[in-house]
There are 2 protein chains.
Amino acid sequence: MRVTIAHVALRAGVSKATVSRVLNGKGETDASTAARVRRVVKELGYVPSAGAVSLAKGRTGVVGVLAPALTRPWIAQVMQGVVDAMESSNHGLMLFTRNRGDDSFRRFAGHVDANAFDGLLVIEPEETLPAVDRMAAAGLPVVLISDRTAAARMPVVASGNRAGARQAAEHLLSLGRRHPLVLGGPEGYDCAVERVESFTEAFTEAGFPVPQQAHFPGDYSGESGRVAVTRAEADGIEFDSVFTHNDLSASGVLQLLAQLGRSVPDDVAVACFDDAGHAPLTAPPLTAVRRPLRDMGAEAARMLVSALAGDGALDKPVEIATELVVRDSSVRVG
Amino acid sequence: MRVTIAHVALRAGVSKATVSRVLNGKGETDASTAARVRRVVKELGYVPSAGAVSLAKGRTGVVGVLAPALTRPWIAQVMQGVVDAMESSNHGLMLFTRNRGDDSFRRFAGHVDANAFDGLLVIEPEETLPAVDRMAAAGLPVVLISDRTAAARMPVVASGNRAGARQAAEHLLSLGRRHPLVLGGPEGYDCAVERVESFTEAFTEAGFPVPQQAHFPGDYSGESGRVAVTRAEADGIEFDSVFTHNDLSASGVLQLLAQLGRSVPDDVAVACFDDAGHAPLTAPPLTAVRRPLRDMGAEAARMLVSALAGDGALDKPVEIATELVVRDSSVRVG
DNA sequence: GTGAAAGCGCTAACAC
DNA sequence: GTGTTAGCGCTTTCAC
């Protein structure tokens, strides 16, 4: 049988209300009564029932997180930051993914309707943005973690696409590279567009505009990296460097360059975004514009928690700076 | 204002009890009444409050998951399997990690005491096994996902360490490899011990025992892979293959072999466990004993859910077979 | 087949 | 400062 507040009250010789006051620090309580209650609480090992508390308070103490999927390394990084921050604030964390598309989202929406949590964190909403927006409009506190500007009417945490891409470009330029291959992102991904724009802008400013045929489509996969290099070679395009949007596609690039016998970094320098996992583990290790993923997750979590606590006014977008991590794929540092 | 069961009852001209019956399919209800109730439910967009339901039923409809951390790729894979399965059963999923050690676990234990969820999934409990065991003994349904046999008195889902290691060994033997370097795992990790035993056993049976000096300590990190190869070279140990416990350490091995100018797979064949993420993305891609991580997570989740539903008797350990995925790091297949 | 009433375990007014 | 009394929104006997 579960220990309830009634047991504690009985044993401490006070009412349930007093126990509640002591535990929640609400209202004045006599010091000795409080001490006695606390002793009994400890003796009995009493812990308030989360369900009962949330029903009575109208708040669950739980935060929901909606992520596209967990298997992409960058998302796992963000999630860990979120989890750590939530833990610190003693909130529970209900996890949802959109791994199975619409059905996933419907199930998730059901939990929203059931008031299963007090606030929501969304990692890259993508096509669910309108629906999420509606939830926010309906009164659910929401914080977005997204590098896509379309973000809209909700508070959002991002890293700097433009600044980061420029870091990569300037690094390559400083190494004397003049002919980069540039991988794009999937159709409609603002983040990739911004990066490509900023990257090429820097090259143009330096007097080395990137020709159209040096641009290749990408989808963040290793395969898209392989395909881009294969096509560039087949098309006879000369290049001395490659810029991609994540560790994965850059890995694909390295694989193919190795296969073609082109030396990295002597012949071709490779740089990418993210640094979300295996960038240090490729051969050679990848130079990367590190997105502060853990920090982004943690910051978003803190914003949401403080919004729940009523410390409103968090609507200014937060941008956490990227950092260029130079490794052997662009210049020998080992 | 939230729509409650009372609103539905009023509007449908029935009592709250009847609405509840219709929604939960308990007890007989007149077909036309049921239809009317359902119509009103839809009209009003009524969704029962998760908190109220769980307080009344004594069950939360939520399952807890305790993972070491999310950033290790294999764990993210398991988690995705768990999430997908939980979604199918319409359970909520509260996520906890032990990322920050004892403090993390204490916070987690608080949620257990607060009855925040009905059942628990634990991924590699490691040093928390005794504490988890106590929770199980106290009546919390628990399912473990672990390749470490110490598992104990709880239902557990595992993949085959011994069978998997043998697959790798026999593959290398079939390629004519006779002198493997073998990386171990951290002190006290049964899974690594079992794999190493089974791997060397296979070589011994084939008439090629692995000498003591070909064994190196490991900790699943890329660095440990680099160190092992470096030391083997320095010690003048001859080897024609390397076996490691995951993609990461194998990546380290590949990095250093590349640096030493040793060709993979011609000179050295590399094989590893896990296949949890970037094995296909290394240069060359890694041959790996694939652990069925997603499936393990999903199966454990299903076991827990059916235990919660009262379909007891799931105490036999479940082992899901590994599968050897041959890629270019052992023999050219590309 | 359906309604009334009594909880589930807690918090929050409102008295005293 | 502390107790009493209502709820929070459901489910579940127990009558009818």
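Lettering follows sequence order; numbering is per chain, from 1.
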query = Base, sugar-phosphate, or nothing: which does A/K26 touch, judged by heavy atoms less than 4.0 Å apart?
reply =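 If one applies the 4.0 Å heavy-atom cut-off, A/K26 turns out to touch the sugar-phosphate alone, with no base involved.
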inquiry  = Does B/S54 reach a base, just sugar-phosphate, or nothing at all? Heavy atoms under 4.0 Å.
reply    = nothing
A/V19 or B/R36, whichever maps to the more 5' nucleotide of DNA chain C =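 In this pair, the answer is B/R36.
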Return the nearest nucleotide to the side chain of [X]; candidates are [options].
X     : options               : answer
B/T33 : C/dG1, D/dT11, C/dC10 : C/dG1
A/R21 : C/dC14, D/dT11, C/dG9 : C/dC14
B/D30 : C/dG1, D/dC10, C/dT11 : C/dG1
B/V53 : D/dG7, D/dC10, D/dG3  : D/dC10
A/A52 : C/dC10, D/dG3, D/dG9  : C/dC10
A/E28 : D/dG1, C/dG1, D/dC10  : D/dG1
B/T18 : C/dG3, D/dG3, D/dC10  : C/dG3
A/L55 : C/dG9, D/dT2, D/dT11  : C/dG9

message = Is a donor from one side chain sitting under 3.5 angstrom from an acceptor on the other, for A/D147 and A/S159?
response =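 On atom types as modelled, these side chains qualify, holding a pair under 3.5 Å.
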inquiry  = Within the 3.5 Å criterion, strictly below it, is a donor on B/R100 or A/S88 matched to an acceptor on the partner's side chain?
reply    = yes
message = Keeping B/D118 on the side-chain end and B/T60 on the backbone end, is there a donor-acceptor pair under 3.5 Å?
response =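 Yes: the side chain of B/D118 pairs with the backbone of B/T60.
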note = Per nearest nucleotide of DNA chain D, the residue lying toward the 5' end, A/A17 or B/S20, is A/A17
Figure out the [atom1]/[atom2] separation between [X] and [N], and round it to whole Å.
X     : N      : atom1 : atom2 : value
B/N24 : D/dT12 : CG    : C1'   : 11 Å
A/R59 : C/dA12 : CZ    : C1'   : 12 Å
A/K16 : D/dC8  : NZ    : C1'   : 13 Å
B/I5  : D/dT12 : CD1   : P     : 11 Å

query = So, are B/R106 and B/D102 salt-bridged, with charged N and O less than 4.0 Å apart?
reply =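 Salt bridge: no.
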ask   = Within less than 4.0 Å of OP1 or OP2 of D/dG3, is there a side-chain N or O belonging to A/S15?
value = yes
inquiry  = Below 30° counts as parallel, above 60° as perpendicular, anything between as tilted: where do the rings of B/Y189 and B/Y220 land?
reply    =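 Taking B/Y220 first and then B/Y189, their aromatic rings stand perpendicular (interplane angle over 60°).
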